[in-house]
Amino acid sequence: MIHNIVQAAYLAAMVLFIFSLHGMNHPRTARRGVFCGIAAMLLAVVATWMQPEVLNHGWIVVAIIAGFVVGVPLSRVPLTAVPQRTALSHAFGGLAAGLVGTAKYYLWVGESPEQLTTFRMTAIVAEIILGFLTFTGSLMAAGKLQELKWIPQRPVTYRGQNIVNIGLLAIAVIAGLVLIANPTGQYAPFLFPLMMGLSLLFGVLLVIPIGGADMPTVISILNSYAGLSAVAMGFVLDNKLLITAGALDGSSGLILSIIMCRAMNRSFTNVLFGAFGQVQAAKAGAEQKVYKPETIEGAAQVLEQASLVVIIPGYGMAVAQAQHRVRELHDQLTKRGITVKFAIHPVAGRMPGHMNVLLAEADVPYGDLVEMDEINGDMPQCDVALVVGANDVVNPAARTDKSSPIYGMPIIDADKAKTVYAIKRSKNPGFAGIDNELYFADQTFMLFGDAKAVVGELVKQLAREGAAAAH
Amino acid sequence: MIHNIVQAAYLAAMVLFIFSLHGMNHPRTARRGVFCGIAAMLLAVVATWMQPEVLNHGWIVVAIIAGFVVGVPLSRVPLTAVPQRTALSHAFGGLAAGLVGTAKYYLWVGESPEQLTTFRMTAIVAEIILGFLTFTGSLMAAGKLQELKWIPQRPVTYRGQNIVNIGLLAIAVIAGLVLIANPTGQYAPFLFPLMMGLSLLFGVLLVIPIGGADMPTVISILNSYAGLSAVAMGFVLDNKLLITAGALDGSSGLILSIIMCRAMNRSFTNVLFGAFGQVQAAKAGAEQKVYKPETIEGAAQVLEQASLVVIIPGYGMAVAQAQHRVRELHDQLTKRGITVKFAIHPVAGRMPGHMNVLLAEADVPYGDLVEMDEINGDMPQCDVALVVGANDVVNPAARTDKSSPIYGMPIIDADKAKTVYAIKRSKNPGFAGIDNELYFADQTFMLFGDAKAVVGELVKQLAREGAAAAH
Amino acid sequence: MAALTAASCAIAGLAFAQAPVETAATGHAAPETDYWSMLFVLVLSTFIGLGVIIRVSRLLHTPLMSLTNAISAIAVVGSILVTGGEHPKEIRILGAVALFASMTNIVSGFLITDRMLKMFKQSPAGEKKS
Amino acid sequence: MAALTAASCAIAGLAFAQAPVETAATGHAAPETDYWSMLFVLVLSTFIGLGVIIRVSRLLHTPLMSLTNAISAIAVVGSILVTGGEHPKEIRILGAVALFASMTNIVSGFLITDRMLKMFKQSPAGEKKS
Ligand SMILES: NC(=O)c1ccc[n+]([C@@H]2O[C@H](COP(=O)([O-])OP(=O)(O)OC[C@H]3O[C@@H](n4cnc5c(N)ncnc54)[C@H](OP(=O)(O)O)[C@@H]3O)[C@@H](O)[C@H]2O)c1
Ligand SMILES: NC(=O)c1ccc[n+]([C@@H]2O[C@H](COP(=O)([O-])OP(=O)(O)OC[C@H]3O[C@@H](n4cnc5c(N)ncnc54)[C@H](OP(=O)(O)O)[C@@H]3O)[C@@H](O)[C@H]2O)c1
């Protein structure tokens with residue numbers, strides 16, 4: 001009886017989870033999706049809790065309360081910290097999987113070793129390795145994104161690094177295989193902790209050689225690992241709901257990483273073992289060509305004359321939290337009957353959809369956010385392209401310069417616009433650490449300074465002129 | 001060991017089936033899809049056959065050969081007979097499901113009644129009822145489509161018909177419930193055949209009151225029943241592959257029926273219990289307005305002067321097998337630099353996609369087949385709309401006349417064209433059995449005669465003039 | 001979408017309908033029939049089915065019908081087991097007939113589908129449109 | 001599509017990889033773990049996952065990440081069983097920590113997703129474009 005109710009609840013939860021993700025294919029239905037997800041989770045928790053074998057409720061209550069205490073503040077972080085939060089929660093997910101796997105193993109070893117079938121043991125080993133490496137790996141990633149002092153930002157590399165890493169993982173896997181062959185053998189008590197330790201260590205070493213800027217990709221790869229570890233847990237507990245939810249999570253991570261890699265024209269292996277950030281240090285120095293700075297007034301005037309303005313936001317807008325000013329600029333221009341579009345590059349910023357969230361926060365209707373492929377057609381008709389803290393995503397070298405590390409990465413053709421204004425603080429390169437021909441092109445003028453400040457100035461200037469015109 | 005190989009094969013087959021259907025979302029990948037399907041089926045058959053419990057191979061071989069002997073010719077039927085063939089194969093599918101269910105039941109009753117768990121018994125009952133009603137229902141449908149003498153084309157109706165039908169089904173279901181409660185009770189030997197008989201009878205009675213022209217919809221509803229009976233068989237045999245394949249089939253039937261009903265602006269219940277064809281007899285008579293006939297020569301001249309010609313094929317083209325002539329006409333016109341498009345209504349003809357297959361058979365590249373919603377935008381610019389044996393799908397009454405049985409059905413706006421030529425044999429109405437204002441409109445001229453003949457004439461005429469012009 | 005929701009609700013409904021029936025019987029239910037995993041498979045398959053079919057090109061709805069025919073003839077699996085097993089003759093006859101019927105569907109279904117699909121010719125224009 | 005093919009092949013591969021491992025063990029495999037139906041569920045879910053995620057609006061990739069976070073915290077199910085069961089203290093401590101971790105993900109995941117989604121405003125233009 002209970003069994004059937006629980007299974008029915010799990011089945012319903014599964015359906016709701018699928019609807020939940022399905023809802024995300026349009027902003028209109030997205031929030032409904034979230035509610036489906038919450039309902040599903042409630043169902044699953046209640047159904048599990050009411051099972052007869054759950055006898056001690058005290059600890060459960062405490063843990064749940066603790067979860068709320070930590071979870072609520074974690075959901076209030078500023079949007080710029082979202083990548084870190086995501087990484088952190090992958091770490092938690094991995095930890096949970098690893099711990100449950102460990103608990104189950106020792107439980108069965110202690111009470112009923114015959115339960116440790118080859119299949120279950122395989123699942124446990126997978127759960128442990130994936131879970132724990134996701135745990136430490138994601139912690140490292142979160143640290144790098146948070147730019148903690150004591151975590152090196154630049155990739156740390158040394159000769160034979162990959163060999164060492166692969167070696168460690170190999171040992172962990174071998175230990176796992178031995179355990180699968182003989183879950184309660186005489187070496188098991190020693191092999192199991194070894195496997196755990198190595199997985200934890202591997203997680204750290206896997207992420208150390210990766211540049212802070214590749215973290216988003218790494219995160220979503222870890223995302224799929226977290227999903228897989230949930231699947232493994234499902235196999236261990238013979239729970240179909242876990243398997244489905246895990247698979248959903250896993251495929252999401254997989255697809256997002258593929259999208260990112262494509263948009264950066266990089267391969268998984270290149271991201272994981274390429275130690276990308278490195279090239280930066282080397283190239284950054286080169287500075288011979290001359291920038292043509294422009295005044296706020298000048299820029300404002302040209303903007304007023306334009307009929308089509310394309311704003312290209314990048315990571316800089318996120319850093320400067322300039323989205324609200326940008327919105328005001330958009331309003332000032334549209335008020336003058338000027339068409340203003342936002343060109344959104346799939347990997348602008350530091351996570352997929354980063355720019356969309358920021359601009360949505362500033363109440364820009366999502367209808368005005370145009371995807372790269374769509375906008376590039378209009379760029380030749382564009383009078384002014386305003387580059388707000390974007391760099392690599394508008395770097396023509398990606399089209400022309402075979403030697404460039406970003407060669408082949410699809411970009412927004414800002415250089416095709418009649419006039420380009422680029423807002424950035426310094427002459428420093430962007431994430432890829434390379435010069436950007438765009439800044440030296442004839443039609444390009446620089447507006448140096450913090451994006452928030454500069455755009456703010458532009459808005460003031462336009463407002464003033466607007467007022468003047470009124471008189 | 002064997003068990004694992006078999007399961008692995010089934011899993012692979014399942015994946016291949018999904019790919020098979022996935023391939024159908026573009027003509028380019030469609031044939032690959034078919035091969036995936038064949039591979040999956042082979043895997044499944046071989047895996048099943050190699051199981052140890054399969055001991056007598058003789059009969060299997062015989063049955064398979066027989067299957068080929070009948071199947072190959074069945075796959076060579078002319079395209080106009082495709083609806084019948086489809087109905088027939090649903091009948092076979094239902095029969096197979098019903099028989100296996102029956103066999104399993106008697107087997108278990110005889111050898112191991114304890115195997116007849118409530119769950120299994122429920123599945124068996126579902127399999128029997130669905131299977132057998134699909135069997136006879138589809139046979140009837142096939143007969144009506146084939147227009148067999150001894151099967152009434154027009155819906156046969158009498159007072160209280162629906163009550164009777166529902167009543168029969170209810171009895172069958174009740175018998176089933178009793179059997180579920182007590183699979184081997186003293187009445188079982190009598191109840192089981194009763195259930196079978198009633199299901200068979202219900203299938204016939206379900207289809208009798210439905211007009212021949214609603215058959216396509218009925219067919220795809222029966223299609224989903226066939227799928228469900230396969231699912232039920234999967235439950236009986238505890239076979240996941242059967243469940244998946246059945247579900248795929250079922251959803252296909254469901255979606256196609258929904259599409260058809262939408263395109264006809266009808267509801268399921270209306271199709272199943274509306275006895276649609278009826279109204280026809282009543283209305284058909286009315287004939288007061290005058291048709292304006294046109295000569296081949298006249299039509300040919302106007303066609304030559306056109307710059308955009310839209311050909312609207314309908315059921316008549318299928319009946320007349322005129323697609324090849326139509327293709328020649330298309331060539332004659334395009335040779336003269338005239339743009340020719342084909343306007344495809346979702347329910348033109350007698351099955352979904354009917355026109356597409358016919359025109360594809362005549363080598364019309366599928367790029368020239370334009371869907372209703374797309375073409376309607378261009379109709380006002382269209383100089384000549386050539387209606388080849390289409391009627392309801394171009395009937396303006398669907399837009400204007402609330403009283404019309406097809407009111408609300410989306411149509412192709414032939415009446416918006418500057419000139420309309422309508423090819424049909426007589427003054428008889430189309431499938432819906434109603435007059436068509438279009439034929440009496442000022443810009444409309446009739447070309448009476450068999451579509452194949454008429455279009456052939458047009459082609460000859462154009463060729464002649466072309467030759468003349470050459471001199 | 002609406003269709004998908006509706007249908008999967010229907011299926012889910014079926015699942016629940018099934019459950020009570022079961023609960024009554026779990027007493028004498030043979031343990032090895034794990035009907036819940038079958039229901040999970042059914043629901044998941046239905047989702048996939050609806051998702052895939054909705055995206056089938058309208059051009060190909062006729063071939064689609066015959067392809068799904070062939071696929072649902074997977075009932076052949078059951079027929080083989082019944083026909084080939086150590087069973088009384090009458091039962092095996094039923095199986096053989098079922099096997100014949102399924103086999104016919106498989107053969108004619110796949111052949112006619114391929115025959116139809118062979119007819120669909122591409123065209124440069126076609127690329128853009130469809 | 002390519003992704004889908006690749007991934008599902010990978011999964012299918014996993015399935016086969018699993019199989020031999022099993023066959024070795026079927027001898028002492030506890031009969032009730034029907035690992036094949038689990039593999040079926042896994043493969044089907046992966047298909048659905050890929051199908052659904054590929055169609056997620058690009059606008060919402062950031063909220064998507066946090067939503068899937070929350071969903072994968074379904075591991076909470078396992079944690080509850082371990083924490084609440086009649087087990088030695090050490091084991092239950094592990095469970096409690098896991099439960100805390102999952103719960104944190106659930107709460108923060110759903111909350112932040114909804115917080116982000118609240119920001120997305122519609123606009124007549126929006127309707128047409130996205
Ligand atoms: N979105 C993703 O999912 C993702 C994932 C992985 C990698 N990436 C990578 O991240 C990069 C994103 O490209 P992007 O063009 O958006 O960013 P970017 O290439 O990193 O360039 C950011 C620019 O903004 C400027 N900037 C920084 N802070 C600023 C401030 N407060 N005010 C004004 N300007 C400021 C910087 O110049 P100054 O320092 O001189 O101001 C820099 O030139 C791509 O290379 C992409 O491959 C993205
Ligand atoms: N496609 C589907 O899936 C489907 C499913 C269910 C129902 N339906 C229904 O079927 C109908 C299809 O509409 P439709 O316009 O294609 O066909 P229609 O409305 O049935 O009209 C067919 C027309 O073709 C003419 N015709 C018949 N044989 C001919 C021949 N040999 N040469 C020339 N003309 C000939 C008939 O007039 P004459 O007899 O005077 O020649 C008739 O006017 C719709 O009402 C639709 O709802 C379709």
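Chain identifiers are assigned alphabetically (A, B, ...) following the order of the sequence lines, protein sequences preceding nucleic acid strands; residue numbering begins at 1 within each chain.
Using a 4.5 Å cut-off between heavy atoms, C:V77 contacts chain B through both its backbone and its side chain. Using a 4.5 Å cut-off between heavy atoms, B:V231 touches chain C through its side chain atoms alone. No part of B:L359 comes within reach of chain C, as not one of its non-hydrogen atoms sits under 4.5 angstrom from that chain. Using a 4.5 Å cut-off between heavy atoms, B:L107 contacts chain C through both its backbone and its side chain. Residue contact with chain B, scored on non-hydrogen atoms closer than 4.5 Å, involves the side chain of C:V52 exclusively. Neither the backbone nor the side chain of B:A97 comes within less than 4.5 Å of any heavy atom of chain C. Both the backbone and the side chain of B:S20 come within contact range of chain C, judged by heavy atoms closer than 4.5 Å. If you measure heavy-atom distances from B:V82 to chain C, the contacts under 4.5 Å come from the side chain alone. Neither the backbone nor the side chain of B:A226 has a heavy atom closer than 4.5 Å to any heavy atom of chain C. Heavy atoms of B:P346 lying under 4.5 Å from chain C belong to its backbone as well as its side chain. For chain C, the nearby parts of B:I38 are the backbone and the side chain; heavy atoms of each come within less than 4.5 Å. In this structure, the portions of B:V77 lying under 4.5 Å from any heavy atom of chain C include both its backbone and its side chain. Looking at B:M24, both its backbone and its side chain come within 4.5 Å of chain C, counting heavy atoms on both sides.
For C:F40, the ring-ring contact (aromatic ring centres under 6.0 Å, His included) test picks out no residue, with sequence neighbours left out.
B:Y366 and B:H26 have perpendicular rings, their planes meeting at more than 60° on a 0 to 90° scale where under 30° would count as parallel. Aromatic ring pairs are classed by plane angle as parallel below 30°, tilted from 30° to 60° and perpendicular above 60°; the pair B:F119 and B:F235 is perpendicular.
Each of C:K118, C:R55, C:E90, C:R115 has some count of heavy-atom pairs under 4.5 Å with chain B, and the biggest count is that of C:R115. Among C:S108, C:S45, C:G109, the residue with the largest count of heavy-atom pairs under 4.5 Å with chain B is C:S108. Here C:G84 is the residue among C:G84, C:A101, C:S37 with the most heavy-atom pairs under 4.5 Å with chain B. Most heavy-atom pairs under 4.5 Å with chain C: of the set B:L248, B:L256, B:L237, this distinction falls to B:L256. With chain C as partner, the option from B:L88, B:L99, B:N223, B:I344 having the largest number of non-hydrogen pairs under 4.5 angstrom is B:L99. Residue with the most contacts toward chain C among B:G37, B:S229, B:G23: B:G37 (heavy-atom pairs, distance under 4.5 Å). For the set B:M14, B:R76, B:Q51, the count of heavy-atom pairs under 4.5 angstrom toward chain C peaks at B:R76. In terms of non-hydrogen atom pairs under 4.5 Å with chain B, the most contact-rich of C:L81, C:N69, C:I106, C:V56 is C:N69. Note: C:L94 leads C:I93, C:L94, C:V76, C:I48 in heavy-atom pairs under 4.5 Å with chain B. Your options are C:V82, C:L117, C:L44, and the one with the most heavy-atom pairs under 4.5 Å with chain B is C:L117. Here B:R31 is the residue among B:R31, B:E53, B:E361, B:M351 with the most heavy-atom pairs under 4.5 Å with chain C. Of the residues considered (B:M41, B:M233, B:M355), B:M41 shows the highest number of contacts with chain C, using heavy-atom pairs under 4.5 Å.
Remark: side-chain polar atoms of B:Y105 are paired, donor with acceptor, to backbone N or O of B:P183 under 3.5 angstrom. Here the side chain of B:N56 pairs no donor or acceptor atom with the backbone of B:G58 at under 3.5 angstrom. C:S79 contributes a side-chain N or O that, together with a main-chain N or O of C:A75, makes up a donor-acceptor pair within less than 3.5 Å. C:T104 places a side-chain N or O within 3.5 Å of a backbone atom of C:F100 that can act as its donor or acceptor partner. Side-chain atoms of B:N25 come within 3.5 Å of backbone N or O of B:H22 as a donor-acceptor pair. For the pair B:S224 (side chain) and B:G253 (backbone), a donor-acceptor distance under 3.5 Å is absent.
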Could you list the donor-acceptor pairs under 3.5 angstrom formed between side-chain atoms of residues 58-68 of chain C and any protein atom two or more places apart in sequence or on another chain?
residue : atom : partner : partner atom : Å
C:T62   : OG1  : B:P352  : O            : 2.5
C:T62   : OG1  : B:G353  : O            : 3.4
C:S66   : OG   : C:P63   : O            : 2.8
C:S66   : OG   : C:T113  : OG1          : 3.1
C:T68   : OG1  : C:L64   : O            : 3.1
C:T68   : OG1  : C:M65   : O            : 2.8

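The minimum heavy-atom distance between B:M121 and B:L116, with the atom names listed, is SD-CD2, 3.9 Å. Contact detail for B:C36 and B:F19: the closest heavy-atom pair is SG-CB, 4.1 Å. A pairwise comparison of heavy atoms in B:M260 and B:P216 identifies CE-O, 3.6 Å as the closest pair.
C:S72 OG to B:F92 CZ: the interatomic distance, rounded to the nearest 0.5 Å, is 13.0 Å. In this structure, CD1 on C:I71 lies 6.0 Å from CZ on C:F110, to the nearest 0.5 angstrom.
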